[in-house]
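Keep in mind that the numbers below use all heavy atoms, side chains included, and drop hydrogens, waters and symmetry copies. Index from 1, following the sequence.
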Amino acid sequence: MSPRAVPVPAVVRRRAEALGETGEHWLAALDGLVHDIATRWSLEVGEPIPGAGASVVLRVRAGDRDAVLKLEVPEGGTAGQGALLERAAGHGYALLLARDPVRRVLLLERLGAPLGRHGLPAERELTVLADLCRAAWLPPRGEPGSSAAKAAELGAFVEEAGSAADRRVVDAALRCAGRRAGFRGEEVVVHGDPHPGNPLEAARAGAVSGYLLIDPDGFVADPAYDLGVVLRERGADAELPVATLQGWCRLLAERSGLDAQAIWEWAFVERVSTGLLLLRLGDDRGAAWLRSAAHLLDTLS
């Protein structure tokens, strides 16, 4: 029997094609890869799950349970992601059922709707994210990264792409990155991108406030980095009062036991770098993100 044709979302296809020959080969081999994995792991393959940006994600049936098959484009870090999920063993994170690290394939338990889809009050959503991040952080065991490396990476991108932004915003982001690079506290393996779409509903032991995280980047850094990411897009498309954003920052700090200023500075650098990235990708939302950053300049030294 010929392998079934696997639908590839347009954004995933573009991401693969941007890799040149490597990505084209992955796309050409995808149908056969899914067929081989489904045979080896005894899976019934269903329909794609929409919304993925770096992977083909399919509903599958694994024996008597529903599951998710994730096949990441060759640029990605699924090998590292799989190792982190294996370490977590379902606590704070989706449960890993099987993985093929060489071909960047993961089989995961199927979870429910994202946290961000429920329209919860901001304070409640932030509380869930803080609690979930805190439960999911792991002590480093040879994973890559450091606070200094992450701050340097973000700072380098802001400097490179900064001609599209107010120079005052760029300079403030670079100062924040410089201070965050000097973090000397206890680092952890952070999730790396805990936005409201990455916690999914779950009703089992190991879930936190009824949610589990998916799609970790899984690198070593200051734990306040994750909470900066939680805060980075709040008010990015509408200039909320600064006092509101600062209040949310204090809530995250109190809930996690971390330094509010560190969270605020990571959030600012992430807001600016994300705005610049969106502009580079032709997404006009980037201009709003940068305007919202300018609105916060008086909070930074």
A.B. asks: State yes or no: do V230 and L258 share one hydrophobic cluster built from I, L, V, M, F, W and Y residues joined by side-chain heavy-atom distances below 4.5 Å, directly or via other members?
C.D. replies: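 Yes, same cluster.
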A.B. asks: Can you name the residues that form a side-chain contact (heavy atoms from CB on, under 4.5 Å) with A293, not counting sequence neighbours?
C.D. replies: V169, F268, R271, V272
A.B. asks: Please enumerate all residues that pass side-chain contact (heavy atoms from CB on, under 4.5 Å) together with R103, with sequence neighbours excluded.
C.D. replies: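 So R103 forms a side-chain contact (heavy atoms from CB on, under 4.5 Å) with L33, D36, I37, R40, D100, V105.
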A.B. asks: Starting from W289 and following side-chain heavy-atom contacts under 4.5 Å between hydrophobic residues (I, L, V, M, F, W, Y), which residues can be reached?
C.D. replies: L278
A.B. asks: Could you tell me whether K150 and E187 make a salt bridge, using a distance below 4.0 angstrom between a side-chain N and a carboxylate O?
C.D. replies: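 A salt bridge is absent here (no side-chain N lies under 4.0 Å from a carboxylate O).
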A.B. asks: Which heavy atom in R99 sits nearest to a heavy atom in A83, and how many Å separate them?
C.D. replies: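 Nearest pair, atom of R99 first, then A83: NH1-N, 3.5 Å.
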A.B. asks: Salt bridge check: are E265 and R180 linked by an N-O gap of less than 4.0 Å?
C.D. replies: yes
A.B. asks: In chain order, what residues pass the salt bridge (charged side-chain N to carboxylate O under 4.0 Å, His left out) check against R124, with sequence neighbours excluded?
C.D. replies: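 Residues passing salt bridge (charged side-chain N to carboxylate O under 4.0 Å, His left out) with R124: none at all.
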A.B. asks: Looking at R255 and D131, is there a salt bridge between them, counting it only when a charged N and a carboxylate O are closer than 4.0 Å?
C.D. replies: yes
A.B. asks: Between the side chains of E201 and R110, is the shortest nitrogen-to-carboxylate-oxygen separation below 4.0 Å, so that they form an ion pair?
C.D. replies: no
A.B. asks: Scan residues 119-156 for pairs that pass ring pair (Phe, Tyr, Trp, His ring centres under 6.0 Å), counting only residues two or more places apart or in two chains.
C.D. replies: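 Not a single pair qualifies under ring pair (Phe, Tyr, Trp, His ring centres under 6.0 Å).
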A.B. asks: Got L129 and Y211 here, is their nearest side-chain heavy-atom distance under 4.5 Å?
C.D. replies: no
A.B. asks: Quick check: closest heavy atoms across L290 and L279, and the distance to 0.1 Å?
C.D. replies: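 Scanning both residues, the minimum pair turns out to be CD1-CD1, 3.6 Å.
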A.B. asks: With sequence neighbours excluded, tell me which residues meet ring-ring contact (aromatic ring centres under 6.0 Å, His included) with F219.
C.D. replies: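 In terms of ring-ring contact (aromatic ring centres under 6.0 Å, His included), with neighbours along the sequence ignored, F219 is linked to Y225.
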A.B. asks: If you measure from CG on L19 to CZ on R14, what distance do you get to the nearest 0.5 Å?
C.D. replies: 13.5 Å
